[in-house]
Each structure stands twice: as structure tokens, then as C-alpha cells.
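Take a look at the structure below.
Counting starts at 1 for both ligands and their atoms, following the listed order.
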Amino acid sequence: MRLYLLLSLFFCFCLAFRKEPDFLIKKCLSNRYTHQSCSKVFCQPWEKCVEGTCICKLPYLCPKGGSSVCSTSHRLFRSYCQLKSYECLHPENKFLINGTCEKKETFTVSLEFGELPSEGIVQVKLVNSDEREYLCNSKWSITEANVVCRHLGHAEGALYHRYSNNSGIQMKAPNCLDVTCRGLESSLSECAFSKRANTNDETPAGVTCYLREVEPPSPDSFKCVNGKFIPRSKTCDGINDCADQSDELCCRACQPGSFHCTSDVCIPEDYRCNGEMDCILGDDESNCKGEESFETQDQGVRQDEVQVQERAQALNDNMDNERRKIKSLLPQITCGMRRITPIRRKRILGGKSAIKDEFPWQVAIKEDNQIKCGGIYIGGCWILTAAHCVRPNKAHRYQVWTGLLDWIKLNPEIQIHKVNQLIIHDQYSASTYQNDIALLEVKKQGNKKECDLPFTTPACLPWSEYMFRPNHRCIVSGFGLEEEFSRVYSLKWGHVNLIANCSKFYSSRFYEKEMLCAGTEDGSIDACKGDSGGPLVCMDSNNVAYLWGIVSWGENCGKPEFPGVYTKVANYFDWISHYVGRALIAQYNV
Ligand SMILES: *[C@@H]1O[C@H](CO)[C@@H](O)[C@H](O)[C@H]1NC(C)=O
Ligand SMILES: *[C@@H]1O[C@H](CO)[C@@H](O)[C@H](O)[C@H]1NC(C)=O
Ligand SMILES: *[C@@H]1O[C@H](CO)[C@@H](O)[C@H](O)[C@H]1NC(C)=O
């Protein structure tokens, strides 16, 4: 009986596997994510993230560094970033060349031998050359083909990276050039051209650009967000076939040869450990051998790239390196770093006692003579807490205590701050606990310009709900009650796991968009009364702490069937930045 069951299970598994090598996540696809969705990818350095979408920066917001570039309309720009942000508003100004503008310079792309103007063999004339040259077929891919088509005005990119109508094109291209693009360039001149010593056996690269189709070409086609249809087999393989990346952004797993970011995005395998963060949580740059971590991002060309480039002669400046360099010049904020790493200590019922510097973002909110709630320092003068912890007319009665570890044995690091301003989410509902989030601004001391909060470090704020996934182990901390009734006076913490969908525990009282929940199998660690308003932080692969939740509510502390419910902070990134300013809390995409 058991054997039979096992066999049938196995059989079903095989069937399921064969029928559906489909890694796409339906629910995610309905959000229509593209390369401009900053909850899935980083914006370009000339873009910023506003309400989940990468939009053009104004040129003056570009970092100061970088070298000058010339546009197709022969206008000189101080940097590549400035040109790209200007191009956003004035698309006729495309990138032409790195350096200054000389008269007469042109870069052209044309398609030859095609039946239609939108297809054919690709020819280019580089800026420093008078000749039109073919591109080599052997290193040619859909990534470059998409850029060629976009360059020629086909926003959806290429249908195929081949042109093969049997009208007798059987030619060789012994003097062809190689080209490498990142895939999102608007002009082929932004890609890196090079010449190999031996291209005698090469044939020329061709392309069939995409023309609008009304009907899907086959029932198994995948419809990209830009409307283009691609074969389903080309989704979740790390390659941006759609040209808007929509085939790679909602993947529960990735095909071989590509890397799966925890945010369910597939990137090419060679983006892993290449010194640039591509996954929003940086998981592609962690556990790398040697010093190739994202900290070395500004060192430009890597060793293996140097070797390849020595064999092939570069024909233009590498603007991908320039893009990386600009990225490294963007302002950075420091958050989520602890000066010490937690050490093992005697376990205390329902959690462990915290020591100095372990939770430098944790604050206590005191009302009259009582610690009423926890709060989280997020930078500047700003504290986040739960809306149910505070009343608008009581701001003058609250005190924010930083550095507090034990309410009975006060430690010397404690600082007490008055509250200047209290902002409660205007859609907070005291009956459903929806939008249970509030901001406190502490008063500056004396006539200081900035808030001085020694012994604190802000927690990082997540900007995307895809940063941490169910089952991730996170940390809750607070001064709350232990078990049901006994009082606790010291800061405690414990590990809890994120739980996928709490509707099964709380049915209609759980609002998925605004809340999240976390707990342990046996309910031994939980947030309880008094912990309210305090942090649930999750660590990324570099041990940087993100404020993933604010302790909000829950039934019967410490029962596994009633996990703790938290305000989903990622859902409020724009709300928070509206009051505190984007520059204070945005790590990237500013
Ligand atoms: C190939 O070329 C012929 C003319 O030579 C044309 O009639 C046909 O439509 C073309 N086929 C494709 C797939 O482009
Ligand atoms: C662009 O040209 C300048 C000199 O004009 C040079 O210093 C810089 O390195 C070049 N940028 C790239 C990406 O090659
Ligand atoms: C969560 O569970 C509820 C009810 O059990 C269901 O209606 C909802 O679709 C689920 N959401 C997800 C993302 O699975």
C-alpha cells in the first residue's frame, strides 16, 4: 500500500513537472511589473522611484562626477547621467559618444536585405569610422537585438534575433564587430563594440523587429506587459526577451543559467558576484568568493573582463562601466547596521534580554509614568510607532526614550526626548487596526539644527513588499508583557518566522495589503501588550536590518494558532517619505 502510494505520488510529480515547466507566479503577473517597477528592480541612476515606478530625474539631480558626453543632437552634457535624464524628457537627444562633440559625428544603424523595413541584416557605422560594418552572429543575442529594434523605433524590441527569409542570404562577414548590451539601452551606441582578431568564419547578425500582433501566435505564448508575445519557454530564464523585462519579474524559480533573487526575479547567471547589486536585497552579491562584493562596485572593470578585452580590441568607451560609476556616486544612507553581533546568552521565557547596541533603533514611548509602547528610530528626528499607541491630543505627554535597556536599572546611555509633532495615518481604523502606523518627530535640543540621538542607529525601511518572503526568520523586540499578565521591565527579543497568509488564522480581520504576521511553531516567541509599536526587523544577507513590521495586534499572546500581526511597513514607504523626506530613508532609487 505504501509503495503504491509513493509510486503514484512520484508519477503525478513527473506529470506535473513535464506539463508545466512554468515558473511564473500568476498573482504577481497581474501587477504588470516591468523594468520600471522599483518594487522588483533598481531604477537606473538617472531615475528615481516614485510610488513604485521609476521616473526620470531632473538632470540637476545627477551626481556631480562622471565625464562629459555628446548627444545625437550634438549637445554637450556634463555627464552620461545628465544626458540620460534629459533624454527622458526630450527623446531626440540620444547618447552619441563619450567625450566632447565634434561636428559631423554620426552613428547609424540600418537593416539590409529585409522584406520589410523592420527586418534584415544589421549594419552599423560607428562614430569614429566611415564604414558600415556587420555585427558578428556568434555572440549575438536577443538582448542586443532588442536594443537595435528600439534604436530603430520599435519600442517592443525584437521578435527574433535572426533574420532568415530564404531569399538567398548566405553570406560571410569576416570583418564583423562584436557588440554587448545590457538590454535596456535606448541607442545601440551605448553598447560596447569590440573587434576580435579572428572572425573569418562569422556570418552577419540579423534581426526581425516586433510588429504589433493582435492575436497570440500560439496558445502557449506569454504576453509581455508591452503587448509583445514571446514563447513561454523563454520566461524566467534571466534573459530579457520582452524588452521590458516583464518575462523575468514574477518567477518562483529560474531556468538553469540564471539566478533567482529572493524577490522572485531572474537575472543572468553572470550578474552574480559581478560587483553590482541586481537583486533588490543584494542576494546576488552575497556569499561571493574573494572580495567581489558590492562594496567594490566602483572599481569598474573586473579582472576577467580585462582579460576578455585584451583579446578583443574595444572600439568605444564602455558606458556600462560609466553607468556603474555613476551609481556608486549616488548619495548613500547608513541604516540597519549594528555595532555588535548578538551573542548567545541564557534564554529567558519568551525571549532573550537585549544588551547595549544590539537594537540601536529600538525606542520606548513613555506616557506619564509608564512605558506605553515601543517605537523605531528611522533617521533624522523621526520615530515610527503604531497608531493605536498614540492619541493626537496627547503629544505633549509623550516622551521618547532612546538607549533604554532596563526600566528598573537605568543605564547611562538613556536619553529622553520631547515630542514635537505627531502624525497618525489618516486612514487608521481603531476598530479594524488597518493602517496602524504613526510618526513621531522628536524635538531638537537647544537651537541645534539636527536631532542628536546618541547610541541610536536607524533601521532601514523596505520599499518593496518583495524584499522578505514567508518563512524568513526575523526578530521582534520590545518591553512588553511576558506571558499574559506579569510585567517585564527590560528590552527583550526573539526570533519569529514570517507567515504566508494569516487569513487562515484571523479570516476577514486580516488585511493582506496592510498587515503581515509572524510567529513560531509553538507560539513560544510572540509580541504582546506593551510591545506594540515596536519593531519586527528582518536581516538581509549582509546582516543589514530592515523594519519589516510594526507590532500591531494579535489574540492571546504566545498561542501558535494566533500569530502576531504587524503593520506591513513596505506598504507605507511613500506615506513615510511624504513626511520625513525621501532622502532620509531611501537607500536606492533616489
Ligand atoms: C520571404 O520573402 C518572400 C519574397 O521573397 C515574401 O513573399 C515572404 O512573405 C517572406 N517571408 C517572411 C516570413 O518574411
Ligand atoms: C570618457 O572619456 C573621458 C575623457 O574624455 C575618460 O576620462 C572616461 O574614462 C571615458 N569614460 C569611459 C566610460 O570610458
Ligand atoms: C489568503 O487566504 C485567503 C482565505 O484563506 C484567500 O482568500 C486569499 O486568496 C489568500 N491569499 C493568498 C495570497 O494566498
Side-chain angles (χ1 to χ4, degrees), residues 42-47 56-57 59-88 93-109 124-130 133 135 139 143-144 147-148 150-151 177-196 268 270-271 274-278 292 294-332 588:
F42 289 115
C43 297
Q44 302 275 12
W46 40 87
E47 295 170 334
C56 307
K57 255 180 207 171
Y60 79 91
L61 290 171
C62 280
K64 289 280 170 290
S67 52
S68 65
V69 299
C70 182
S71 79
T72 45
S73 42
H74 287 96
R75 213 185 126 151
L76 186 67
F77 287 84
R78 272 230 297 279
S79 70
Y80 184 47
C81 177
Q82 292 220 342
L83 162 62
K84 292 300 286 180
S85 54
Y86 189 81
E87 179 192 346
C88 257
N93 284 267
K94 298 244 184 320
F95 172 80
L96 180 63
I97 192 171
N98 178 38
T100 54
C101 292
E102 306 287 333
K103 283 266 157 352
K104 316 175 288 221
E105 282 175 337
T106 56
F107 174 94
T108 57
V109 179
V124 297
K125 189 203 82 63
L126 300 188
V127 167
N128 310 317
S129 161
D130 297 324
E133 291 163 284
L135 301 176
K139 292 185 179 173
T143 310
E144 286 75 28
V147 177
V148 165
R150 193 181 292 124
H151 186 118
L177 311 178
D178 285 318
V179 62
T180 312
C181 304
R182 197 171 156 86
L184 295 172
E185 294 88 346
S186 54
S187 164
L188 192 65
S189 57
E190 291 170 78
C191 300
F193 288 87
S194 62
K195 181 128 182 89
R196 267 177 291 151
D270 54 1
Y271 282 13
N274 70 346
E276 178 178 11
M277 273 200 334
D278 294 286
E292 289 175 345
F294 67 92
E295 278 114 17
T296 59
Q297 152 166 317
D298 52 353
Q299 290 181 359
V301 192
R302 288 179 309 138
Q303 211 51 39
D304 50 346
E305 277 173 27
V306 172
Q307 277 159 13
V308 171
Q309 281 173 7
E310 272 164 6
R311 270 178 272 128
Q313 180 206 348
L315 299 175
N316 61 347
D317 286 336
N318 189 326
M319 298 318 283
D320 192 42
N321 287 341
E322 187 72 14
R323 179 190 60 78
R324 283 191 191 206
K325 185 172 154 198
I326 290 166
K327 223 169 142 178
S328 73
L329 297 173
L330 292 170
Q332 296 192 327
Y588 308 103

Fill in: Ligand-residue contact atoms, ligand 2 with D317, heavy atoms, under 4.0 Å
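The atoms of ligand 2 under 4.0 Å from a heavy atom of D317 are 1 (C), 2 (O), 10 (C), 12 (C), 14 (O).
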Worksheet item: Which atoms from ligand 2 have a heavy atom of N98 less than 4.0 Å away?
Response: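 Selected atoms, number and element: 1 (C), 2 (O), 3 (C), 8 (C), 10 (C), 11 (N), 12 (C), 14 (O).
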Item to complete: Decide yes or no on salt bridge (charged side-chain N to carboxylate O under 4.0 Å, His left out) for R182 and D278, but give the supporting numbers first.
Response: CA-CA 12 Å; R182 197 171 156 86; D278 294 286; 3.0 Å; yes
Discussion item. Using 30° and 60° as the class boundaries, would you call the ring planes of F42 and Y588 parallel, tilted or perpendicular?
Written reply: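 Perpendicular: the ring planes of F42 and Y588 meet at over 60°.
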Worksheet item: What orientation do H151 and F107 show, parallel under 30°, tilted 30 to 60°, or perpendicular over 60°?
Response: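 Plane angle between 30° and 60°, so tilted.
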Taking only Lys NZ, Arg NE, NH1 and NH2, and the carboxylate oxygens of Asp or Glu, determine whether [X] and [Y] approach each other closer than 4.0 Å.
{"X": "E276", "Y": "R324", "result": "yes"}
{"X": "D178", "Y": "R196", "result": "yes"}
{"X": "K327", "Y": "D320", "result": "no"}

Discussion item. Can you tell me which portion of N318 lies within the under-4.0 Å heavy-atom range of ligand 2? Options are side chain, backbone, both, or neither.
Written reply: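 Just the backbone.
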Discussion item. Quick check on atom 11 (N) of ligand 2 - does any protein heavy atom sit closer than 4.0 Å to it?
Written reply: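 Within 4.0 Å of atom 11 (N) of ligand 2, protein heavy atoms are found.
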Discussion item. Please report whether atom 7 (O) of ligand 2 has a protein non-hydrogen atom at a separation of less than 4.0 Å.
Written reply: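 No, there is none.
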Practice prompt. Report yes or no: does N321 have a heavy atom closer than 4.0 Å to ligand 2?
Written response: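 Contact absent.
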Worksheet item: Among G99, S68, G66, whose heavy atom sits nearest atom 5 (O) of ligand 2?
Response: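 When every heavy atom of G99, S68, G66 is considered, G99 comes closest to atom 5 (O) of ligand 2.
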